Amino acid sequence: IIDQLTIINKTLPAEVLESLPKGYSKDALGLLDRYLYSLHAEERNAHITKLDVEKLNKLEAKPTLTNKDVAEIARLKEYIEEGNGSGLSTAKAFLDNLSPEIKASLDNAVIKVREIQDETRAALVEYGLIDSETFSMWSNQFTDYIPLHGQSVDDVAGGITASKSNLFPGIPKDLSLEGSYMKRAEGRSDEASNIFSRVLFDNTNVHIAGQRNLALNALHELVLNNPNPDVYSVSETGNPLDPGTITTYINGQKKYINFTNPEYAKSLKNMPAAKSETFIRYIEPSLRFMKKLPSMFTNYSPTFFAGNAPR
């Protein structure tokens with residue numbers, strides 16, 4: 001990507017850079033961001049218009065309307081009429097004004113960007129954060145998707161898993177560096193710059209969160225195989241807001257690790273991936289020891305053996 005941007009920088013007319021909207025860097029990277037943004041415009045606008053029509057029909061079907069409803073109906077009608085609810089109405093003009101040579105160079109860079117996005121999406125499946133069905137839905141939703149990160153659709157403060165109604169890939173809030181970045185396209189009044197940086201950040205964030213999830217998967221397996229209800233337990237349902245509960249994701253499904261002492265969960269919830277893996281390696285021998293502890297008072301006890309061997 002850097003090689004392609006370097007080539008573009010050498011041949012790029014100054015007027016092209018000056019025409020970039022506010023917020024974009026006046027160089028080849030800013031041009032790539034604007035290009036990615038514009039490629040996504042048509043399909044994004046079509047989707048947003050569909051959502052707006054559904055909202056409008058639902059509001060107009062209400063028997064009585066509040067002042068807020070009336071204002072929202074007027075806003076939706078305006079957006080639908082203009083067809084640019086996402087704020088991307090100038091995208092076509094921008095694309096039309098690019099020379100074939102610049103477009104060809106940008107397209108080569110876009111191929112590499114898509115490879116990063118595909119790897120990010122595949123990593124979500126590999127780490128167990130989403131299932132294959134959700135992966136297919138996201139992969140087929142848009143052709144030229146880029147992360148604009150509009151309104152958040154977090155289900156609960158303690159973390160979410162992939163919902164079939166959500167549009168874009170993301171990671172559970174309790175595993176993310178900056179909170180969940182699963183977003184719904186609801187329309188924007190401004191343009192989102194730094195798109196390529198966001199693509200890279202998303203990739204990094206998914207791998208960090210994914211590694212932490214793998215560590216929690218290992219902890220889940222240890223607790224499952226070494227039951228001790230006085231200290232901990234696992235369950236298929238739970239409350240992620242409970243201070244004693246930790247959520248992990250296996251094949252896109254939530255699994256809960258519950259500690260009777262919330263302090264244990266608190267330390268793990270705030271623990272980065274590297275430390276959580278170290279913690280699990282540390283406690284694994286202890287768990288194996290505790291599992292054998294009852295046998296030390298029965299099978300391996302001389303007193304127990306002497307009294308019960310003849311019998």
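Owing to the predicted nature of the structure, the values given are computational and were not obtained by experimental measurement.
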Ser38 OG to Ile146 CD1 distance, which is reported to the nearest 0.5 Å: 9.0 Å

Side-chain (Asn217) to main-chain (Ile250) donor-acceptor, under 3.5 angstrom: no

Any donor-acceptor N or O pair under 3.5 Å, side chains His47, Glu42: no

Distance (rounded to the nearest 0.5 Å) between Leu76 CG and Leu56 CG: 5.5 Å

Check: Asp33 and Leu20 side chains under 4.5 Å, non-hydrogen atoms: no

Distance under 6.0 Å and angle within 45° of ring axis: Arg34 vs Phe94: yes

Gln117 side chain vs Val199 backbone, donor-acceptor pair below 3.5 Å: no

Single-linkage hydrophobic cluster Val53~Ile73, side-chain heavy atoms < 4.5 angstrom: yes

Arg75 charged N/C atom sitting above Tyr79 aromatic ring, 6.0 Å / 45°: yes

Modelled atom types, side-chain donor and acceptor of Thr134 and Asp131, under 3.5 Å: yes

Under 3.5 Å: donor-acceptor pair, side chain of Asn194, backbone of Ser197: no

CG-CD1 distance between Leu36 and Ile195, expressed to the nearest 0.5 angstrom: 6.0 Å

Flag, side chain of Lys255 to backbone of His220, donor-acceptor distance under 3.5 Å: no

With Thr6 via side chain to side chain contact (heavy atoms under 4.5 Å, CB included) - residues at least two apart: Ile2, Lys10

Trace of the side chain to side chain contact (heavy atoms under 4.5 Å, CB included) decision for Ile257 with Thr245: CA-CA 6 Å; Ile257 307 168; Thr245 298; over 6 Å; no

Salt-bridge present (Lys77, Asp52; N to O < 4.0 Å): no

Check: Leu29 main-chain N/O paired with Tyr24 side-chain donor or acceptor under 3.5 Å: no

Asn213 side chain to Thr248 backbone, donor-acceptor under 3.5 Å: no

Gln211 and Tyr127 side chains, donor-acceptor separation under 3.5 Å: yes

Rounded distance [0.5 Å steps], CG in Asn97 versus CD1 in Ile102: 10.5 Å

Check: Ser25 side chain, Gly30 main-chain N or O, donor-acceptor pair, under 3.5 Å: yes

Main-chain N/O of Phe201 paired with Asn205 side-chain donor or acceptor, under 3.5 Å: no

Note: Asp118-Arg114 ion pair, threshold 4.0 Å (strictly below): no

Asn251 side-chain N/O to Gly128 backbone N/O, donor-acceptor pair under 3.5 Å: no

N-O pairing of Asp202 and Arg198 below 4.0 Å: yes

For Ser235, all residues meeting side chain to side chain contact (heavy atoms under 4.5 Å, CB included), sequence neighbours excluded: Tyr256, Asn258

Main-chain N/O of Val231 paired to Thr260 side chain as donor or acceptor, under 3.5 Å: yes

